Amino acid sequence: MLNGKNAVVTGGTRGIGAEICKRLAEKGVNIAFLYSGREDLASAQEETLGALGVKAKGYKCNVASFDEVKTTVKEITKEFGKIQILVNNAGITRDNLLMFMKEKDFDDVIDINLKGAYNTIKHLYPVFVKQRYGKIINISSVTGLMGNEGQVNYAASKAGLIGLTKSVARELASLGVCCNAVAPGFIDTEMTKDLGENNPMIDKIPMKRLGTAEEISKLVLFLASEDSDYITGEVIRIDGGLAM
Ligand code: NAP
């Protein structure tokens, strides 16, 4: 039963994260979501989720900052009490071919996409362990499995997230905590809007279309629910067949 549980979702204002928040809220899960900048989107999301009858609060917090995440997690646990679900969804791209990729673009992507997940898990795992229950879901990418031209930084962060997922799963399995990763292919969000309508990647996708944030949210819902209680350390592709 998800009703009455509490979730922390990073990057909950837009795209996949916004949809994950909605999907969980529809099942009665209270939501604390993190975002980095867009206050307007955060207030709109609080309203949308609140209208679904759950408690919902946005926290401005850069997931790349160990200290900011520590403070935010304290605020969240004070406000919400127990936390049963953590979705590490916040992520960025700073694409360029290796020869043009600046050091800062490499570091920023690793800091947000990979260290961000370390930060939230590091500060929340004592809560999970005390409860002897937790569902951690990390949003990786097929790029972390396949690599991609122009995405050395992003691919490294998403592959790193898979190693982190499996290690956390091994460390916490006997303590009642599941940790899994979702590896989406190309999903129709702001992140992929630059690829354009005639996205050449579509030809490479066996299903010949982009995925939707809604489709990702359904998989996350499954991993957050008791239906997946015997699944941990898994990486589930959701990519229309792209990386098979
Ligand atoms: P998006 O539309 O660009 O949204 C990114 C979200 O992350 C926003 O809510 C943003 O908040 C938040 N965020 C960014 N930097 C942050 C930071 N430093 N601290 C806290 N929050 C931060 O992205 P998306 O397409 O929904 O992607 C969501 C996740 O799925 C990412 O991890 C991405 O790598 C992964 N993914 C996406 C695709 C795809 O095709 N779209 C494919 C595979 C994997 P603000 O609005 O406040 O900036």
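Everything numeric in this text was worked out from a predicted model, so none of it was measured. Whatever order the structure lists them in is the order used to number ligands and atoms, beginning at 1.
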Novice: Judging by distance only, is a nitrogen or oxygen of A64 under 3.5 angstrom from one on ligand 1?
Specialist: no
Novice: Among the heavy atoms of S140, does any lie under 4.0 Å from an atom of ligand 1?
Specialist: yes
Novice: Of all residues at least two apart in sequence or in a different chain, which pass the side-chain contact (heavy atoms from CB on, under 4.5 Å) check with L98?
Specialist: V152
Novice: State if A213 counts as touching ligand 1 under the rule of any non-hydrogen atom under 4.0 Å.
Specialist: no
Novice: Within less than 4.0 angstrom of ligand 1, does A42 place any heavy atom?
Specialist: no
Novice: Under a 4.0 angstrom heavy-atom cut-off, which atoms of ligand 1 come close to I92?
Specialist: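 Once the distances to I92 are compared, the set is 14 (C), 15 (N).
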Novice: So is T10 close enough to ligand 1, meaning a heavy atom under 4.0 angstrom away?
Specialist: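 Judged by the 4.0 Å heavy-atom criterion, T10 does not count as contacting ligand 1.
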Novice: Side chain, backbone, both or neither: which applies to I112 and ligand 1 if a contact is any heavy-atom pair less than 4.0 Å apart?
Specialist: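 For I112, only side-chain atoms sit under 4.0 Å from ligand 1.
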Novice: Who's closest to atom 32 (O) of ligand 1 heavy-atom-wise, of D111, V69, D239, N89?
Specialist: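 It is N89 that holds the nearest heavy atom.
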Novice: May I have the list of side-chain donor-acceptor pairs in residues 165-178 shorter than 3.5 Å, sequence neighbours left out?
Specialist:
unit_1: T165; atom_1: OG1; unit_2: N138; atom_2: ND2; d: 3.0
unit_1: T165; atom_1: OG1; unit_2: L161; atom_2: O; d: 2.6
unit_1: S167; atom_1: OG; unit_2: G163; atom_2: O; d: 2.8

Novice: Is the side chain of S140 donor-acceptor paired with the backbone N or O of A181 at a distance under 3.5 Å, no angle test?
Specialist: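 No, S140 side chain to A181 backbone: no donor-acceptor pair under 3.5 Å.
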Novice: May I ask you to check whether G37 has an N/O atom sitting below 3.5 Å from an N/O atom of ligand 1?
Specialist: yes
Novice: Looking only at non-hydrogen atoms, which of G144, G17, G91, S141 approaches atom 5 (C) of ligand 1 most closely?
Specialist: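 Comparing heavy atoms across G144, G17, G91, S141, the nearest one to atom 5 (C) of ligand 1 lies in G91.
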Novice: Using distance alone, decide if ligand 1 has a nitrogen or oxygen within less than 3.5 Å of any nitrogen or oxygen in I16.
Specialist: yes
